[in-house]
There are 2 protein chains.
Amino acid sequence: MVLNSKEKLDQIFSLELKHLMAVSYVVLCNNMVTDRYIEKNFGMPVQAWSSLFAIETFPGIKAKEIRKLFPRPQNTISRAISLLEARGLVRQEASREDGREKMIFITSAGEDVLAEIRQVSFDRQSEIFAPLNKQELETYFRLTTKIAKGRALTTSDIMI
Amino acid sequence: MVLNSKEKLDQIFSLELKHLMAVSYVVLCNNMVTDRYIEKNFGMPVQAWSSLFAIETFPGIKAKEIRKLFPRPQNTISRAISLLEARGLVRQEASREDGREKMIFITSAGEDVLAEIRQVSFDRQSEIFAPLNKQELETYFRLTTKIAKGRALTTSDIMI
DNA sequence: GATAGATTGATCCATTTGGATTTAATTTGC
DNA sequence: GCAAATTAAATCCAAATGGATCAATCTATC
């Protein structure tokens with residue numbers, strides 16, 4: 001019995017690890033498409049435009065705080081911010097309270113680039129979630145948020 | 001007004017891109033924990049043990065088929081299989097129908113390693129989805145599967 | 001208020017990554 | 001039936017990655 005790709009996926013999604021596999025599959029597929037597209041069209045890696053989102057939403061945010069929103073290694077975020085600064089998309093300002101920290105702000109050039117990325121990301125989001133109706137989408141978001149807030153997501157008790 | 005991390009996350013999850021951000025956040029957080037743990041304890045990258053899952057589930061699977069289940073660049077899967085083969089966890093056999101393809105099979109050493117990884121992955125899955133009750137978990141899986149089957153997930157109409 | 005320990009962000013460097021190319025095999029078109 | 005196009009997988013190599021280290025600063029304890 002030879003299975004085609006769709007049937008193989010169904011079978012993978014019937015294993016005991018199906019919950020983890022399904023959600024990872026969705027995000028992995030999307031990242032392959034989105035990250036490659038933005039890299040090609042805007043010349044920046046995912047951690048750079050993710051950081052730009054965070055910096056716009058929270059003016060004066062620090063690098064270590066960005067890591068909490070978009071979990072990546074510390075030096076990855078550090079370099080992403082260097083790239084954004086080198087392109088004039090953000091500016092940094094020494095924190096008054098703590099000389100080690102830098103407050104990061106988006107520039108108007110950064111706003112312009114982000115507006116473009118936001119638009120295409122929003123269209124992409126619509127594409128991805130198209131299979132769900134409005135009610136299902138809200139349920140999905142509510143449940144995802146519940147998972148995201150789980151204590152062990154970032155600090156596992158078993159994988160130490 | 002200064003926000004702590006939890007509050008920042010809430011605000012990020014109130015933006016128009018919240019659906020995409022929430023699910024990406026969950027998978028990214030998990031990958032940071034899981035991939036690092038398995039790298040440290042089993043000495044192999046995520047694409048290697050993912051492939052091992054696929055190879056066990058579908059004896060004789062080809063490299064290009066694994067890519068459909070765990071979307072990664074072609075050479076990434078190719079190298080993962082080389083690694084698994086070098087460790088004696090899988091063996092390859094030339095396909096009879098098509099000499100370019102190789103059929104991949106798990107070895108008994110591979111079964112042993114996979115059994116360990118499966119156990120810890122299963123425990124990790126329980127940890128991640130602990131915030132959902134049984135009913136919610138099934139709903140979540142059903143909706144995730146719907147998204148996973150969407151045509152545009154892998155072949156975007158807008159990100160070309 | 002001096003010193004040890006902790007924390008922030010930058011940098012170092014060996015390893016990994018992934019787009020592009022190559023090799024080998026198959027399929028297509030004429 | 002043969003050249004051209006296509007496909008699967010391996011390999012090449014410049015660039016990215018991430019664990020480890022470093023420098024600067026802050027905190028705690030005595």
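All chains are named by letter (A, B, ...) in the order of the sequence lines, taking the proteins before the strands, and each is independently numbered beginning at 1. Atom set for the values below is all heavy atoms of this structure, side chains included, hydrogens, waters and symmetry mates excluded.
As a whole-Å value, the separation of A:Lys40 NZ from C:dG19 P is 9 Å.
Enclosure of atom NZ in B:Lys18 by more than 12 non-hydrogen atoms of other residues, nucleotides or ligands within 6.0 angstrom is indicated.
Salt bridge A:Arg91/A:Glu93: present, at least one basic N to carboxylate O contact under 4.0 Å.
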Pairs: protein N or O with nucleotides 1-4 of chain C N or O, under 3.5 Å:
none

Distances for protein N or O near nucleotides 16-22 of chain D N or O, under 3.5 Å:
{"residue": "D:dT17", "atom": "OP1", "partner": "A:Gln47", "partner atom": "NE2", "Å": "3.4"}
{"residue": "D:dT17", "atom": "OP2", "partner": "A:Gln47", "partner atom": "NE2", "Å": "3.2"}
{"residue": "D:dG18", "atom": "OP2", "partner": "A:Thr76", "partner atom": "OG1", "Å": "3.1"}
{"residue": "D:dG18", "atom": "N7", "partner": "A:Asn75", "partner atom": "ND2", "Å": "2.9"}
{"residue": "D:dG18", "atom": "N7", "partner": "A:Arg79", "partner atom": "NH2", "Å": "2.6"}
{"residue": "D:dG18", "atom": "O6", "partner": "A:Arg79", "partner atom": "NH1", "Å": "3.1"}
{"residue": "D:dG19", "atom": "OP2", "partner": "B:Arg36", "partner atom": "NH2", "Å": "3.3"}
{"residue": "D:dG19", "atom": "N7", "partner": "A:Asn75", "partner atom": "ND2", "Å": "3.2"}
{"residue": "D:dG19", "atom": "O6", "partner": "A:Asn75", "partner atom": "ND2", "Å": "2.2"}

Mind listing the N/O atom pairs, protein and nucleotides 23-25 of chain D, below 3.5 Å?
{"residue": "D:dT25", "atom": "O3'", "partner": "A:Gly99", "partner atom": "N", "Å": "3.3"}
{"residue": "D:dT25", "atom": "O2", "partner": "A:Arg100", "partner atom": "NH1", "Å": "3.3"}

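When atom types are taken as modelled, the side chain of A:Ser78 and the backbone of A:Gln74 share no donor-acceptor pair closer than 3.5 angstrom. Counting only distance, with no hydrogens or angles, the side chain of B:Glu7 and the backbone of B:Asn4 share a donor-acceptor pair below 3.5 Å.
Between A:Lys64 and C:dT8 there is a side-chain polar atom (N or O) within less than 4.0 angstrom of OP1 or OP2. In this structure, A:Lys102 reaches the C:dA10 phosphate: one of its side-chain N or O atoms is under 4.0 Å from OP1 or OP2.
Partner of B:Asp98 under the side-chain hydrogen bond (donor to acceptor under 3.5 Å, both in side chains) criterion, out of B:Lys102, B:Arg100, B:Arg96: B:Arg100 alone.
Side-chain contact of B:Tyr140 with A:Thr139: a donor-acceptor pair under 3.5 Å is absent, judged by distance alone.
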